[in-house]
Visitor: 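One structure, pasted below without further comment.
For the numbers below, each heavy atom of this structure counts, side chains included, while hydrogens, waters and symmetry mates do not.
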Amino acid sequence: MSTIFDLKNGGCADPDDLFKVLDSLDISYTTWEHPAVFTVEEAREQCSNIPGAHAKNLFFKDKKSRYFLVVTLADKPIRIKAVGKTIGAKTLSFASPERLREVLGVIPGSVTPFAAMNIKDQDVRVILDEDLMAESLLTFHPLVNTATTGISNTDLVRFLESCGRPPEIIKL
């Protein structure tokens with residue numbers, strides 16, 4: 001499944017590409033720059049002044065080599081085995097940094113649902129937690145971990161659909 005976006009040289013999108021897409025979809029957003037963060041704890045320290053629900057974005061692979069981008073609230077405890085059972089995937093594990101780059105076009109610490117615009121023909125299920133989606137303003141990295149972008153929950157779904165990646169909203 002290809003996206004509708006024509007990226008330069010067939011490469012991966014950068015924040016400017018993302019913002020152009022959001023603008024073209026008439027999606028409102030606000031972006032705040034900050035020092036690089038690689039973990040939820042670092043983000044909590046650097047981004048506590050940023051409004052909205054902060055997310056944790058997990059990129060999993062199962063033993064059948066299927067991929068899952070799971071997005072939930074930053075402070076929600078996640079048990080990988082329970083997530084796997086909920087989404088119908090056995091033996092989930094974190095995808096390698098190489099797979100992150102190859103499939104989502106981002107590096108560790110920059111995983112985000114906005115990376116859906118980088119997914120080419122790989123089979124990636126985008127899973128959004130119901131608790132996250134109950135929040136009106138959501139925040140994610142804009143493909144880099146030196147900024148955070150706020151977007152409404154409905155606009156996130158619209159963005160993902162425009163990428164050909166309609167999300168599954170599930171109680172995790």
Side-chain angles (χ1 to χ4, degrees), residues 3-5 7 12-60 67-80 82-83 86-87 94-95 100 103-119 124-172:
T3 65
I4 61 169
F5 312 115
L7 300 175
C12 295
D14 63 21
D16 289 337
D17 296 320
L18 170 64
F19 301 143
K20 287 176 189 169
V21 168
L22 295 176
D23 290 342
S24 75
L25 295 169
D26 200 26
I27 289 177
S28 296
Y29 61 92
T30 303
T31 299
W32 298 266
E33 292 187 8
H34 52 72
V37 294
F38 293 90
T39 65
V40 169
E41 292 76 26
E42 289 176 357
R44 191 174 294 124
E45 291 173 18
Q46 296 293 331
C47 306
S48 61
N49 62 326
I50 297 174
H54 297 268
K56 112 171 95 185
N57 306 279
L58 308 167
F59 190 51
F60 294 117
Y67 295 105
F68 305 84
L69 177 56
V70 176
V71 185
T72 188
L73 293 166
D75 58 357
K76 185 171 187 172
I78 292 294
R79 291 183 23 243
I80 296 173
V83 169
T86 300
I87 64 175
F94 288 102
L100 273 176
V103 178
L104 296 182
V106 295
I107 62 169
S110 300
V111 179
T112 172
F114 293 134
M117 67 186 295
N118 285 330
I119 300 170
V124 179
R125 286 175 55 196
V126 178
I127 311 291
L128 304 178
D129 185 13
E130 275 183 9
D131 292 338
L132 175 78
M133 296 306 289
E135 301 290 331
S136 57
L137 180 62
L138 310 176
T139 62
F140 309 103
H141 291 310
L143 305 170
V144 295
N145 64 355
T146 56
T148 296
T149 297
I151 185 174
S152 76
N153 56 6
T154 54
D155 282 340
L156 174 63
V157 170
R158 200 158 55 90
F159 168 80
L160 291 168
E161 289 171 345
S162 76
C163 294
R165 302 290 166 178
E168 300 171 49
I169 301 173
I170 297 173
K171 179 78 170 166
L172 296 176

Visitor: Aromatic rings Phe94 and Phe60: how do their planes relate, parallel, tilted or perpendicular, breaks at 30° and 60°?
Guide: tilted
Visitor: Test of understanding: with salt bridge (charged side-chain N to carboxylate O under 4.0 Å, His left out), list the residues that count as partners of Glu168, not counting sequence neighbours.
Guide: Arg125
Visitor: Could you check if a side-chain atom of Leu156 sits within less than 4.5 angstrom of a side-chain atom of Pro113, using non-hydrogen atoms only?
Guide: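 Yes, at least one pair of side-chain atoms sits under 4.5 Å.
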Visitor: Could you tell me whether the side chain of Ile127 reaches within less than 4.5 Å of the side chain of Val71, counting heavy atoms only?
Guide: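 Val71 vs Ile127: side chains apart.
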Visitor: Between Leu104 and Phe59, is there a side-chain heavy-atom distance shorter than 4.5 Å?
Guide: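 Contact flag for Phe59/Leu104 side chains = yes.
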Visitor: With Tyr29, which residues qualify under ring-ring contact (aromatic ring centres under 6.0 Å, His included), at least two apart?
Guide: Phe19
Visitor: Taking all heavy atoms of Asp129 and all of Leu172, pick out the closest pair and write down the distance.
Guide: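 Shortest heavy-atom contact: OD1-N, 3.0 Å.
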Visitor: Might you point out which heavy atoms bring Met117 and Ala13 nearest each other, and give the distance in Å?
Guide: CE-CB, 3.6 Å
Visitor: Not counting sequence neighbours, list each pair that qualifies as a salt bridge (charged side-chain N to carboxylate O under 4.0 Å, His left out) and has a residue in residues 147-160.
Guide: Asp155-Arg158
Visitor: Determine whether a donor-acceptor pair (N or O, by modelled atom type, separation under 3.5 Å) exists between the side chain of Thr149 and the backbone of Thr31.
Guide: no
Visitor: Sequence neighbours excluded, which residues qualify as side chain to side chain contact (heavy atoms under 4.5 Å, CB included) partners of Thr148?
Guide: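 Applying side chain to side chain contact (heavy atoms under 4.5 Å, CB included) to Thr148 gives His34, Cys47, Ile50, Thr139, His141.
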Visitor: Side chains of Leu100 and Ile107: closer than 4.5 Å at any heavy-atom pair?
Guide: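 No - every pair of side-chain heavy atoms lies 4.5 Å or more apart.
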Visitor: So which pairs with a foot in residues 20-35 pass salt bridge (charged side-chain N to carboxylate O under 4.0 Å, His left out), sequence neighbours left out?
Guide: none
Visitor: So does Val106 get a backbone contact from the side chain of Ser110, meaning a donor-acceptor N/O pair under 3.5 Å?
Guide: no
Visitor: Using salt bridge (charged side-chain N to carboxylate O under 4.0 Å, His left out) as the criterion, list what pairs up with Asp131, not counting sequence neighbours.
Guide: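 Counting only residues at least two positions away or on another chain, Asp131 forms a salt bridge (charged side-chain N to carboxylate O under 4.0 Å, His left out) with Lys76, Lys171.
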